[in-house]
Each structure stands twice: as C-alpha cells, then as structure tokens.
Amino acid sequence: MRPCEEHLEQVREYRQAFLAAGDGLDGAGPLRRFEDPADWLRQVRLYEDPATVPPHLVQATQFLCVRKDDGRVLGMLQVRHRLNEYLAQYAGHIGYSVRPDERRKGVAKWMLRESLDYCRALGLEKVMVACLPDNEGSRRTILANGGVYERTVFEPDDGELLEQYWITL
C-alpha cells in the first residue's frame, strides 16, 4: 500500500530497526535522512509527481508492506518510473528492504512480485533490480521473480559492488 499519515509511527519504528541493526534502508526513499517520518512522507509525495520531483531524481512510487493483523510495517519498496544515468548504471527500477526481524519469511519475494504488475501498468517492459553480491536473500528474491543476471558493477559513491538483474514483464 501507499504510505499515509496513519503509518507514520510504524515508519519511525521501521527506520529505528534498521539504524539499530546498522543496515541499509533500500527501497525506502530518503527515510534514512529524516528523523520525523512526516518529513519523509512529504518528500515521498514530491517524488510521486513529475512536476515536483527534484531534477536530479526520477519520478518514483513508494509502497509499504503492512501486516494486516497488527499494522506493522514489514517492508518497503520503491518503484522508479524510469532510469536516469545513475539508476541505469547502478541501482535500477526497484529497491526494497525488509525489517531485519521479519526476514526469511517471503516478504521481499511477495513485495517484488506484487510490484511487477504496477511496473507493467506504468508501461515498462522490463525492470532492473540490483543487490549486493553477498545478499543471498535478495538474489534469491530476484531470481524467484524471473530475474536474469546481467553484470556486476562497482558503485563508486558507496564503494560497493552491485549485481544487476533484469526482469522481463
């Protein structure tokens, strides 16, 4: 689902879980930068509108994976509507993360699979998804959703290797 004000406390807890674990917040847009989740939500809404997305970024849609029975945010996924130079070289169309204590339960696989229909609706014919070479869970998630390995690249800003996969829609 798309984030809204009712999710803000859960978003705050989600961010804290990642910071406490020293883990990345992939697919969460600029959440790492914002202590106040309301500021994050305002930024997410700017990214959704092509008229307000910052010029160096691309239009993107943010999704939350929220467990129905308790409203807990289990994961986040961001769909970038097109690739700019940076995304084409490194990160791709889709980024995602799963709360550290909710991993290995199929959440990422489900989120990625569900996002592919949205990507088709945007008119995309294929999407690039990237992961760190040592992230076996993410690699399996991508492969389970039809990902085909293309290459490994060095991302100079973070000093990390990234494996790139394409999923044909």
Side-chain angles (χ1 to χ4, degrees), residues 1-3 7 10-11 13-32 40 44 47 57-84 86-155 157-169:
M1 65 181 57
R2 305 284 281 284
H7 301 118
Q10 278 296 316
V11 167
E13 290 177 19
Y14 188 85
R15 179 180 182 272
Q16 281 308 118
F18 276 82
L19 294 177
D23 210 341
L25 277 158
D26 298 325
L31 184 57
R32 180 173 290 285
W40 168 79
V44 162
Y47 291 2
L57 300 175
V58 301
Q59 186 179 0
T61 305
Q62 184 71 52
F63 294 97
L64 304 179
C65 180
V66 179
R67 190 165 44 210
K68 288 181 183 179
D69 65 346
D70 63 1
R72 187 177 204 213
V73 174
L74 304 180
M76 292 195 185
L77 181 140
Q78 184 184 63
V79 174
R80 296 135 195 157
H81 296 205
R82 65 176 181 81
L83 299 178
N84 62 15
Y86 176 83
L87 294 172
Q89 286 295 317
Y90 306 111
H93 289 95
I94 301 172
Y96 56 86
S97 59
V98 174
R99 189 182 197 110
D101 62 337
E102 296 288 350
R103 293 179 182 156
R104 302 184 65 93
K105 299 178 182 179
V107 174
K109 182 178 172 182
W110 181 86
M111 287 191 315
L112 183 56
R113 182 179 66 241
E114 292 297 310
S115 75
L116 299 179
D117 285 336
Y118 183 78
C119 293
R120 281 185 201 92
L122 291 175
L124 299 173
E125 295 179 2
K126 63 181 185 172
V127 293
M128 183 206 299
V129 186
C131 69
L132 296 171
D134 63 351
N135 189 337
E136 186 63 31
S138 190
R139 179 183 306 106
R140 282 194 225 161
T141 293
I142 296 166
L143 293 172
N145 280 283
V148 176
Y149 174 81
E150 180 173 280
R151 65 184 180 157
T152 300
V153 296
F154 179 75
E155 198 282 319
D157 292 341
D158 293 330
E160 295 179 321
L161 292 173
L162 291 170
E163 293 180 355
Q164 295 176 335
Y165 295 82
W166 285 95
I167 300 172
T168 301
L169 304 175

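Model, not experiment: these values are computed from the prediction.
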Could you walk me through whether Val66 and Leu74 pass the side-chain contact (heavy atoms from CB on, under 4.5 Å) check? CA-CA 6 Å; Val66 179; Leu74 304 180; over 6 Å; no
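- In this structure, Arg15 contributes its side chain and Leu31 its backbone to a donor-acceptor pair below 3.5 Å.
- Between Pro100 and Ala17, the shortest heavy-atom contact is CG-O, 4.0 Å.
- Between Tyr90 and Glu160, every side-chain heavy-atom pair lies at or beyond the 4.5 Å cut-off.
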Go through the steps for Leu161 and Leu132 under the test side-chain contact (heavy atoms from CB on, under 4.5 Å), then give the verdict. CA-CA 6 Å; Leu161 292 173; Leu132 296 171; over 6 Å; no
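- With a 4.5 Å cut-off on side-chain heavy atoms, Ile94 and Leu77 count as touching.
- Side-chain atoms of Glu155 and Tyr86 include a donor-acceptor pair closer than 3.5 Å.
- Annotation: side chain of Cys119 is in contact with side chain of Val79 (closest heavy-atom distance under 4.5 Å).
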Cut-off 3.5 Å, no hydrogens considered: what does the side-chain donor-acceptor table look like for residues 146-153, sequence neighbours left out?
residue	atom	partner	partner atom	Å
Tyr149	OH	Thr152	N	2.9
Tyr149	OH	Thr152	OG1	2.7
Glu150	OE1	Trp166	NE1	3.0
Arg151	NE	Gln164	OE1	2.6
Arg151	NH2	Gln164	OE1	3.3

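- The CG atom of Leu64 sits 11.5 Å away from atom CD of Gln78, with the distance rounded to the nearest 0.5 Å.
- Note that CG of Leu143 and CZ of Arg140 are 10.0 Å apart. Values are rounded to the nearest 0.5 Å.
- For residues 20-32, the side-chain hydrogen bond (donor to acceptor under 3.5 Å, both in side chains) pairs, not counting sequence neighbours, are Asp23-Arg103.
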Is there a ring-ring contact (aromatic ring centres under 6.0 Å, His included) between Tyr118 and Phe63 once you walk through the steps? CA-CA 11 Å; Tyr118 183 78; Phe63 294 97; 5.1 Å; yes
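- Annotation: the span from Leu122 atom CG to Arg80 atom CZ amounts to 13.0 Å, rounded to 0.5 Å.
- The backbone N or O of Val73 sits less than 3.5 Å from a side-chain atom of Gln10, completing a donor-acceptor pair.
- Of the possible donor and acceptor atoms, one in the side chain of His93 sits under 3.5 Å from a partner among the backbone N and O of Met128.
- Side-chain atoms of Tyr96 and Ile142, non-hydrogen and from C-beta on, do get closer than 4.5 Å to each other.
- A heavy-atom distance below 4.5 Å is found between the side chains of Arg99 and Arg72.
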Before giving the answer on side-chain hydrogen bond (donor to acceptor under 3.5 Å, both in side chains), spell out for Tyr165 and Glu163 the whole-Å C-alpha distance, their side-chain angles and the decisive distance to 0.1 Å. CA-CA 7 Å; Tyr165 295 82; Glu163 293 180 355; 2.6 Å; yes
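- Arg120 is not listed as a side-chain neighbour of Leu124, based on a closest heavy-atom distance of 4.5 Å or more.
- Here the straight-line distance linking atom OG of Ser97 with atom CE of Met111 works out to 6.5 Å at 0.5 Å rounding.
- For Asp69, the salt bridge (Lys or Arg N to Asp or Glu O under 4.0 Å) partners at least two apart in sequence or on another chain are Arg67.
- Trp40 contributes a side-chain N or O that, together with a main-chain N or O of Ala28, makes up a donor-acceptor pair within less than 3.5 Å.
- Side chains of Leu169 and Glu125 form no contact here, defined as non-hydrogen atoms less than 4.5 Å apart.
- Between Tyr14 and Leu25, the closest side-chain pair of non-hydrogen atoms falls below 4.5 Å.
- In this structure, CZ in Arg113 is found 10.5 Å from OG1 in Thr141, a value given to the nearest 0.5 Å.
- Interatomic distance, Cys65 SG to Leu112 CG, rounded to the nearest 0.5 Å: 12.0 Å.
- Tyr47 and Thr61 share no side-chain donor-acceptor pair at under 3.5 Å.
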